[in-house]
Amino acid sequence: MSRLNETEATVEQRARAVRYWEQEIRPRIAPKEQAEPKEDPFAALVRLKSEGWGDLAASEAIKATLRNTNKGGAA
């Protein structure tokens with residue numbers, strides 16, 4: 001028996017893998033991607049500081065990325 005990925009997949013195997021991805025895996029991932037974050041990133045930073053995680057700081061680049069993320073923009 002050959003090990004996984006040592007031989008090329010047949011057309012039927014590829015089609016079955018695509019069906020599995022579209023019917024089983026992708027529907028589970030989509031809701032996670034569309035879910036609203038449970039906590040504002042800035043609130044999370046304040047919470048982590050208050051929990052004693054030390055001197056946490058976010059760089060200006062990270063803050064800008066977080067602002068864009070909150071507005072639905074691409075990071």
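- With sequence neighbours excluded, the residues that form a side-chain contact (heavy atoms from CB on, under 4.5 Å) with Ala43 are Glu39, Asp40.
- In this structure Ala17 satisfies the side-chain contact (heavy atoms from CB on, under 4.5 Å) test with no other residue, sequence neighbours excluded.
- Residue pairs meeting the side-chain hydrogen bond (donor to acceptor under 3.5 Å, both in side chains) criterion with at least one partner in residues 14-25, sequence neighbours excluded, are Glu8-Arg14.
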